[in-house]
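Residue indices begin at 1 and follow the sequence shown. Note: hydrogens, waters and symmetry copies are ignored here, and every other heavy atom, side chains too, is used.
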Amino acid sequence: MSPRLWLVRHAPPLAAQGLCYGRLNLPADAQATRDSARALADALPQRVLAWHSPLQRCEQLAHTLQALRPDLASKPDVRLQELDFGRWEGLAWSALPRADIDAWTTDFAQHRPGDGENLATMVQRVDAALQDARQQAVQRQCDVLWISHAGVARCVQWLLQHPAGPLPQAHEWPREAPAFGRWVCVPLPPT
């Protein structure tokens, strides 16, 4: 059986609805985090390598999961962080100038929203983490767990569907991602 990547999204952050919070270091709902950790602890196989985004909302889930499953000691990996929206962080999406959002969607892969990180850079760092995960999973013959963000899950989806392809236009970018506190498993084929 090929190793799998368990892409887990953090529980709902304690943030106002409609807030831009890529790298904003927000805590997650504590009860939802415990519920997610319980379900995940039951679902995960025995041998899993685990990493998490160092942002608080992911770290909470990693630590809560480890309390239930001590075999799942997770390590932080900065490559698993959400996109950095620069000066947009903490602002309501509805408060952002339409021209700024249009500039981003027009040059989706290269534009730096809020002068933060562009998607091309995020895809590169997630791809590097994915290559490392593939290599370690194949060597150790086990699954990999990432506790991360919707943007990271979308990057993985794009990379698995377009391993050598160009970066996406805004209309091509995957819309689907795990719901808060949920996950998806994808195969990790050898490189």
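Applying the side-chain hydrogen bond (donor to acceptor under 3.5 Å, both in side chains) test to residues at least two apart or on different chains, the pairs with a partner in residues 69-88 are H52-S74, R69-D71, D77-R79, R79-D132, R87-D115. Applying the ring pair (Phe, Tyr, Trp, His ring centres under 6.0 Å) definition to pairs two or more places apart or across chains, none involves residues 120-145. Each side-chain hydrogen bond (donor to acceptor under 3.5 Å, both in side chains) pair with one or both residues in residues 157-181, not counting sequence neighbours, would appear here, but there are none. Residue pairs satisfying the side-chain hydrogen bond (donor to acceptor under 3.5 Å, both in side chains) criterion with at least one member in residues 89-101, sequence neighbours excluded, are listed as follows: R98-D102. Sorted by first and then second residue, the salt bridge (Lys or Arg N to Asp or Glu O under 4.0 Å) pairs with a member in residues 47-57 form an empty list; sequence neighbours excluded.
In terms of the side-chain contact (heavy atoms from CB on, under 4.5 Å) criterion, residue partners of L68 (sequence neighbours excluded) are, by chain and number, A37, R38, A41. Residues satisfying the ring pair (Phe, Tyr, Trp, His ring centres under 6.0 Å) criterion with H149, sequence neighbours excluded, are H10. Under the ring pair (Phe, Tyr, Trp, His ring centres under 6.0 Å) criterion, H63 pairs with no residue at all, not counting sequence neighbours. T121 pairs by the side-chain contact (heavy atoms from CB on, under 4.5 Å) definition with E117, N118, not counting sequence neighbours. Taking the ring pair (Phe, Tyr, Trp, His ring centres under 6.0 Å) definition, one finds that Y21 meets it with nothing, sequence neighbours left out.
Here V78 is tied to no hydrophobic group at all, with no ILVMFWY side chain closer than 4.5 Å. Its side chain within the 4.5 Å cluster rule, I147 clusters with W6, V8, L40, L44, V48, L61, L65, L72, L145, W183 among the Ile, Leu, Val, Met, Phe, Trp and Tyr residues.
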V152 and M122: side chain to side chain contact (heavy atoms under 4.5 Å, CB included), yes or no, with the steps?
-> CA-CA 8 Å; V152 171; M122 182 179 184; 3.8 Å; yes

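A distance-only check finds no donor-acceptor pair linking the side chain of T105 to the backbone of A170 [under 3.5 Å].
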